Protein chains: 4
Amino acid sequence: MNKKEKIMEATLDLIRDHGFHGCPMSMVAKNSSVAAGTIYHYFESKDELIMELYHYLVAKVVDAAQSGDDDQLPFKERFMRFWHNMKKLYVQDRSIHRFMEQFYNSPYFTEEMEMTDNQWHNWMRNFFTDGINSGELRSGVKPEILSIMVHGTILSSVKVTIYHGKKMDMDQINLGHIAEIVWDGIKKQPEAKS
Amino acid sequence: MNKKEKIMEATLDLIRDHGFHGCPMSMVAKNSSVAAGTIYHYFESKDELIMELYHYLVAKVVDAAQSGDDDQLPFKERFMRFWHNMKKLYVQDRSIHRFMEQFYNSPYFTEEMEMTDNQWHNWMRNFFTDGINSGELRSGVKPEILSIMVHGTILSSVKVTIYHGKKMDMDQINLGHIAEIVWDGIKKQPEAKS
Amino acid sequence: MNKKEKIMEATLDLIRDHGFHGCPMSMVAKNSSVAAGTIYHYFESKDELIMELYHYLVAKVVDAAQSGDDDQLPFKERFMRFWHNMKKLYVQDRSIHRFMEQFYNSPYFTEEMEMTDNQWHNWMRNFFTDGINSGELRSGVKPEILSIMVHGTILSSVKVTIYHGKKMDMDQINLGHIAEIVWDGIKKQPEAKS
Amino acid sequence: MNKKEKIMEATLDLIRDHGFHGCPMSMVAKNSSVAAGTIYHYFESKDELIMELYHYLVAKVVDAAQSGDDDQLPFKERFMRFWHNMKKLYVQDRSIHRFMEQFYNSPYFTEEMEMTDNQWHNWMRNFFTDGINSGELRSGVKPEILSIMVHGTILSSVKVTIYHGKKMDMDQINLGHIAEIVWDGIKKQPEAKS
DNA sequence: CATGAATGAGGATTCATTCAT
DNA sequence: AATGAATGAATCCTCATTCAT
């Protein structure tokens, strides 16, 4: 791993373990085994380090999301693969999610950024647009809405897995059901609803 | 409003506008019109202020959630009231949502807290247990799972409303549909599905 | 005990246990069971409280020193009584000595105070002047010098008693010798010295 | 002088002039011509600065004590050299004495420290053990006791010199006598006394 | 007399950033 | 490129003192 990545990974670990607060540059330096001054060769400022880390993680997330995807497959299959890719990513390494949640609710994340081209939102929009166009998903709901909703539910199910995992003696079958429930919610609905 | 609440509200506003960073005690003092030292009469430390603010907001959230609830009503009606109460709460005053998102992903929120008696989780568990017991919700899914899932989706739909609201020129009808979609996902299912 | 004394005693205890630093007025208030404001009815300021405490303790020390003294007795007897009175006082309650040592080496204690009438130094000067005049003590040494020397040695022997007391398995006979050694040093010397 | 020593010396000066109070880090910084933050490169905290200063001074004191010492000399000569070394050290630079007096009577100095290996006490114990073994000092008194006693008396005579020095118009001869008096107290005694 | 909430200047400490080496 | 000592503004917190009740 090159120095720049080492610095970003150290920052990420620090944020996972000690929050956005607990990652002073001095500690980033120590944890990535470089001198404090060296960080400033790779990043103009701490803000820039955080911003680059954000983009680095977005790329990682998109990569994970589309692993094994194939637009020739039935959309339910594609949806399930997406779902499990994301869950795996978030469960295996909590740091990504934790970073993102803090990032989105911090002043680093401005409204402009949201509006601007965003790899991750673009990918999701396209993905769900495919499902709508192929007639396998509900029509009449914008893909942006579907994507935010689905992603929110994935994150929630990650929380369930992580926090309650052992404590609640929850059988895996139940947890697996969540994806089905969500699929039932977004799939093409037969006709009238109660 | 008493001084303690004034301090908490000032902190909350600061966190909304400038994130978990960006609320130095000096600014909390200024925004709540008390001297810096006064804060320490009411809170032992900044950490304690944050923790008390959390509990204060949880109480507010539970209050909002159960507004107009009545266990004699059909569960779909109760669900829709709950849904709209929550959305109203989170959309009208973004500060609660922003605080919570940051809080849950910060070191303030420990695993123990999750496990410990938690007003909000208790309320939600009881609520969804009612729906399961009355046969109006899917059986075979634990109420804890339903509550985390539903709440996660509410938060997501709040994000849609807030961030994309104007930009996307999204008609209100579509947004209203989300609750229906979720209801379709959690309601008693007719029979077997693939 | 009246309120004023209660405040002074609380201050003294605090200084013994936590040093000159660790006695904020708030804690003095708590430990003496009065409100913070009340202290300012009895003392103009913290400085004044410390100064009054000093004078209060000086009086206590003089009282202890002259307990059982009688200028008709042989001076060696008077000296031994004095010695044991002081040791008892300092060993039984370390706070007096600890306060004094810190006081003397703090800015509270000015050179003027040293020069000014000082009950305790006066008492000691008079005491040793008696010994010189009666021919039982060395001549040619000013009583001021004798008194500071003797008192310093008492304090040292208190330190021995307190710190090393148990640890060193020191027989009481040896400790008792110190007064004898000092007496040998200050008593009228026979004639030529080596 | 390196920066670490400059900081310690500035602290010492401040304590001499304004007591253990009266040396805020900001002033230590100013007096040692470094930035406030720099102090924390060399010392973890103010407490650690004080503790290191203590050890630094103990080393200085031991150095001074053994200056010109030679175990081939008669013990009286060694004793007199020791005495005058110490007096010189304490009188020439009052800061060491003032620091020590405050340090020993503050919570910085714990019982454990007293018990623990202590350069200074070790040196004194060895010194007086030599005198006892060579038969030039009283037997039957532990060297620890002799050392505490003698040192206490030196400190007292320093106080005499400093506080009363000019005021009392005390001839140097008298002051010089103190060492003789103490020597008379601790030297091998001719025979039994009442 | 007594209270204790309120004050705000001052103290210890942190931390992003710079710069001589 | 890399270092890490140095900086000093900013932060959290303390505490002597006041004053309305």
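All values reported here derive from a predicted model rather than from experimental measurement. A note on names: the letters A, B, ... follow the listed sequences, proteins ahead of strands, and every chain is numbered from 1.
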_Ion pair check, C/Lys60 and C/Asp63, cut-off under 4.0 Å_ = no

*Just how far is it from atom CZ of D/Arg16 to atom SG of D/Cys23, taken to the nearest 0.5 Å?*
12.5 Å

*Does D/Glu101 offer a backbone N or O that forms a donor-acceptor pair with the side chain of D/Asn105 under 3.5 Å?*
yes

_So that I know where these two stand, are D/Tyr56 and D/Phe99 an aromatic pair - ring centroids less than 6.0 Å apart?_
no

_Between B/Ser95 and B/Asp93: side-chain donor-acceptor atoms closer than 3.5 Å_ = yes

*Tell whether D/His41 reaches the base of F/dA6 with its side chain through a donor-acceptor pair below 3.5 angstrom.*
yes

*Would you kindly give the CE-to-C1' distance between A/Met25 and F/dA10, to the nearest whole Å?*
17 Å

*Nearest-nucleotide comparison on DNA chain E, the residue closer to the 5′ end among D/Gly37 and B/Ala35*: B/Ala35

*For DNA chain E, what dot-bracket results from Watson-Crick or G-U pairs at under 3.5 Å, with [ ] for crossers and | for inter-strand partners?*
.||||||||||||||||||||

*Is the shortest side-chain N/O distance from D/Thr38 to OP1 or OP2 of F/dA5 below 4.0 Å?*
no

*For D/Ile39 and E/dC15, what is the distance between atoms CD1 and P respectively, to the nearest whole Å?*
17 Å

*asked:* Regarding C/Lys3, tell me which of base, sugar-phosphate or nothing describes its non-hydrogen contacts under 4.0 Å with the strands shown.
replied: sugar-phosphate

_Side-chain touch B/Met51/B/Phe103, heavy atoms, less than 4.5 angstrom_ = yes

*Report the distance from atom NE2 of C/His18 to atom P of F/dT14, rounded to the nearest whole Å.*
15 Å

*Considering only the P atoms, how many Å lie between E/dC1 and F/dT21, rounded to the nearest integer?*
23 Å

*Is any side-chain heavy atom of C/Gln102 less than 4.5 Å from a side-chain heavy atom of C/Tyr108?*
no

*Measure from CD1 on C/Ile7 to C1' on F/dA16 and round the result to the nearest Å.*
15 Å

*Please work out if A/Phe43 contacts a base, only the sugar-phosphate, or nothing of the nucleic acid, heavy-atom cut-off 4.0 Å.*
nothing

*For C/Ile50 and F/dT17, what is the distance between atoms CD1 and P respectively, to the nearest whole Å?*
11 Å

*Rounding to a whole Å, what distance do you find between B/Tyr42:OH and E/dA5:C1'?*
6 Å

_Selected nucleotide, minimal atom distance to C/Tyr40 side chain, candidates F/dA16, E/dT18, E/dT7_ = F/dA16

*Roughly how many Å is it from CG in B/Asn2 to C1' in E/dA5, rounded to a whole number?*
13 Å

*Relative to the ring of D/Tyr90, is the ring of D/His97 parallel (under 30°), tilted (30 to 60°) or perpendicular (over 60°)?*
tilted

*Looking at F/dT7, E/dA12, F/dT17, which one has an atom nearest to any side-chain atom of D/Pro24?*
E/dA12

*The side chain of C/Ala36 lies closest to which of these nucleotides: E/dG4, F/dC13, F/dG4?*
E/dG4

*Toward the 5' end of DNA chain F, by each residue's nearest nucleotide, B/Lys46 or A/Ser33*: A/Ser33

_Interatomic distance, A/His21 NE2 vs E/dC15 C1' [rounded to whole Å]_ = 13 Å

